[in-house]
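The sequence lines fix the lettering, A, B, ..., with proteins before strands; numbering per chain opens at 1.
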There are 2 protein chains.
Amino acid sequence: MTKLSDVAKKAGVSSTTVSRVINNYGSLSEKTRAKVFSAMKELNYQPNSLARSLQGKKTQLVGVIFPSVTNPFYAELIEDLENKLFGADYKIILCNSANNSEKERSYLRMLQANQVDGIIAGTHNTNIEEYKTLDLPVVSFDRHLSENIPIISSDNYQGAQLATKELIANGANQIYFVGNVNVSPNENPTDLRVQGFEDTLKQHKLESHYFSVKTDNSVAIKKMLIRDFLNNHKVDGIFASDDSTALLIINIAKELNIDIPKQLRVIGFDGTKFIQNYFPELSTISQPISDIADLLISTLELRINDKKNYHNVTLALPNKLIRSSTTASI
Amino acid sequence: MTKLSDVAKKAGVSSTTVSRVINNYGSLSEKTRAKVFSAMKELNYQPNSLARSLQGKKTQLVGVIFPSVTNPFYAELIEDLENKLFGADYKIILCNSANNSEKERSYLRMLQANQVDGIIAGTHNTNIEEYKTLDLPVVSFDRHLSENIPIISSDNYQGAQLATKELIANGANQIYFVGNVNVSPNENPTDLRVQGFEDTLKQHKLESHYFSVKTDNSVAIKKMLIRDFLNNHKVDGIFASDDSTALLIINIAKELNIDIPKQLRVIGFDGTKFIQNYFPELSTISQPISDIADLLISTLELRINDKKNYHNVTLALPNKLIRSSTTASI
DNA sequence: ATGAAAGCGCTAACAG
DNA sequence: CTGTTAGCGCTTTCAT
């Protein structure tokens, strides 16, 4: 690996000078600047990031922690984050927490050890105390991590209102919330989906029903639970906590010869490009992924550049209804 | 950030000693070892990876370059890689090349600058000369990158045979290959899909037809092209170059009231868990993602640990047919 | 069994 | 405008 001093030697100047042209500071004559540049080209020189960071420069590394990358919603959010962070000259260390607290803790330690400039976390694991003591800028997506960690999310309450109203408007009145029903409400923004659902039904003098399918159940188990549910419950409208669950419900309804939307209306939540492209019949609530990514990054950069200024935000971006055939009027 | 010398001071020993217990080498008395450990606990000490790597230790960082993370196949491969690399104490720097050669080059430079131990690349961009001069262990998925870079892939030829036979066996005889038809064949393993398709049809005395839908077309354009294609061609069997394309074909066939599989049999390629879970009707060729990940990693580790030993492999793992309703016999 | 000192590749005062 | 020097946090000879 060729190093700075090699360039210096070749250019016939001191290391300092080379460093100056790399970092473009201080005053240099055009002549030396040119000499150094050509020496760099010739040796195909790449500054060693490790060394630069060691004496104080930022690493331009950001830890990105999400439960998984195979869920299309996270995938699209991560892809957008990657794109935008690349533009801002950051690299991503990808951490899948995978519903595994121990793994998440381990990643947190590792990110510290690697001197990342900051962390974007959208984890599901709860009670990771480490976030409270972490001496690093952190921004959270959709979760309460610790007192002084800002939370960015879509407006789950408003989204749930949109979804529930859509079901009601199209004639449903035995309406279930199916999916991740949280036991400890009001801990996370996502619990607001349940709240918005319940309030909207109440306003329409309808009863709210719940059927719990945990996120960490395997798909086989989920399918079984849903099959059992559809077979044994009087239900004509379902607000699924996410699009994946909605897809499962629709598949099984088809299997059971339940007509959608005549007998059963279904609406999901997330509204990824993927769903819109490959499953356009699904009505859903679309989260503003690009805005979320923008906000996560700008909030993080604020913290990175000004560690004192802890204006402790909780920001919720509005969702949009995507109306399609699974909630069409009969 | 507490540092090694802080621990040393607190434990009443020299930095050298602390370094010894961290790296577990040389001879230490049980007593000092204990003292140091408790000092580390007390100060919640995290060694600085940057500093360690600077004098020669590995960074335990691997660059992972794929076109995107929103394609379920790449997502599942990346997730598997992430899991396994985590187990081997590596962290991932995620690079989406996004059909953008300039971005890929930039990432390559950056990965060098960050002293990653190695790179796993599954790119689509061609003619990145940088791979040829890169002084870093690289392993490729499914692409020819440079003479001395090993290629791991599934057996595209055998997979295409399986798919084509399945179409024929179920009565198709106007059979098209739809999707990414490469212009410069035999450059990449994926071109073997076309070869396997053609050879199999020839063996059955059938003509092979092609309809090209480029990977980098937008979904809207793809849909339009496919709609046009289905409307204007006599076709009763399609081997789609990947499952996403297959899904699009199925959606549009439905729209056009073409009965699948009665009038048209469709088979895809990739066979992700995602497809199996959420679109179980699709017949497809399933690539052994877990084996691919294992092989990518073990091959990379071989190169990392023994830079001389360049046994220049090209390994193709067998695919499996997943038979489902889109190719069912009438 | 432990420590002193040099150095990894780079940057940042401080001189001149 | 340019160079000398010290030092970032850690590891590693070489002593003792």
Side-chain angles (χ1 to χ4, degrees), chain A residues 1-40 43-61 109-117 135-136, chain B residues 1-40 43-61 109-117 135-136:
Chain A
M1 200 79 289
T2 88
K3 50 199 186 193
L4 190 140
S5 62
D6 297 334
V7 177
K9 197 178 300 171
K10 171 137 237 150
V13 298
S14 77
S15 299
T16 316
T17 303
V18 178
S19 175
R20 282 201 180 97
V21 354
I22 288 171
N23 295 288
N24 194 32
Y25 95 108
S27 35
L28 293 300
S29 79
E30 238 356 282
K31 223 165 76 184
T32 33
R33 196 190 296 274
K35 267 193 305 186
V36 170
F37 270 126
S38 82
M40 294 198 331
L43 297 173
N44 188 20
Y45 171 69
Q46 275 298 116
N48 182 329
S49 302
L50 266 36
R52 337 183 61 189
S53 303
L54 188 54
Q55 44 68 51
K57 283 248 184 289
K58 294 196 297 165
T59 53
Q60 299 294 121
L61 237 30
R109 276 194 297 277
M110 181 237 95
L111 290 173
Q112 276 189 281
N114 279 275
Q115 313 289 113
V116 298
D117 292 341
D135 185 27
L136 224 47
Chain B
M1 201 79 288
T2 87
K3 51 198 184 194
L4 190 141
S5 63
D6 297 332
V7 177
K9 197 179 300 171
K10 172 136 236 151
V13 296
S14 76
S15 298
T16 315
T17 302
V18 177
S19 176
R20 283 201 180 97
V21 353
I22 289 171
N23 295 288
N24 194 30
Y25 97 106
S27 35
L28 294 299
S29 79
E30 233 3 275
K31 222 165 81 183
T32 32
R33 196 191 296 275
K35 268 193 305 188
V36 171
F37 270 126
S38 83
M40 295 198 331
L43 297 173
N44 188 21
Y45 171 70
Q46 274 300 114
N48 182 329
S49 304
L50 267 38
R52 331 184 65 189
S53 304
L54 188 54
Q55 17 43 50
K57 283 248 183 291
K58 294 196 298 165
T59 54
Q60 299 294 123
L61 239 29
R109 276 192 298 278
M110 181 238 99
L111 290 173
Q112 277 189 280
N114 279 275
Q115 313 287 116
V116 298
D117 293 340
D135 183 28
L136 223 48

Sequence neighbours left out, what passes salt bridge (charged side-chain N to carboxylate O under 4.0 Å, His left out) with Arg109(B)? Give chain and number order.
-> none

Reading 5' to 3' through nucleotides 11-16 of chain D, protein heavy-atom contacts under 4.0 Å coded B for base, S for sugar-phosphate only, - for none | BBBB--

Are any non-hydrogen side-chain atoms of [X] and [Y] less than 4.5 angstrom apart?
X: Met40(A); Y: Ile22(A); answer: yes
X: Asp6(B); Y: Tyr45(B); answer: no
X: Asn23(B); Y: Lys57(B); answer: yes

Any Ser5(A) side-chain nitrogen or oxygen under 4.0 Å from OP1 or OP2 of dG9(C) = no

Distance, rounded to the nearest Å, where [X] contributes [atom1] and [N] contributes [atom2]:
X: Lys35(A); N: dT2(D); atom1: NZ; atom2: C1'; result: 10 Å
X: Asn24(A); N: dT11(C); atom1: CG; atom2: P; result: 13 Å
X: Asn48(A); N: dT11(C); atom1: CG; atom2: C1'; result: 13 Å
X: Leu50(B); N: dC10(D); atom1: CG; atom2: P; result: 10 Å
X: Lys9(B); N: dT2(C); atom1: NZ; atom2: P; result: 20 Å
X: Lys3(B); N: dG7(D); atom1: NZ; atom2: P; result: 11 Å
X: Glu30(A); N: dC1(D); atom1: CD; atom2: C1'; result: 12 Å

Any base atoms under 4.0 Å from [X], or only sugar-phosphate, or nothing? Heavy atoms, all strands.
X: Leu28(B); result: sugar-phosphate
X: Ser27(B); result: base
X: Thr17(A); result: sugar-phosphate

Say whether, by atom type as modelled, one donor and one acceptor occur between the side chain of Thr59(A) and the main chain of Ser53(A) under 3.5 angstrom.
-> no

Does Asn48(A) use its side chain to pair, donor to acceptor, with the backbone of Leu50(A) at less than 3.5 Å?
-> yes

Residue Thr32(B), side-chain heavy atoms: nucleotide from dT2(D), dT2(C), dG9(C) that is nearest = dT2(C)

Under 3.5 Å, side-chain donor or acceptor atoms of residues 9-16 of chain B against the rest of the protein: list the pairs with distances, not counting sequence neighbours.
from: Ser14(B); atom 1: OG; to: Thr16(B); atom 2: N; distance (Å): 3.3
from: Ser14(B); atom 1: OG; to: Thr17(B); atom 2: N; distance (Å): 3.3
from: Ser14(B); atom 1: OG; to: Thr17(B); atom 2: OG1; distance (Å): 3.3

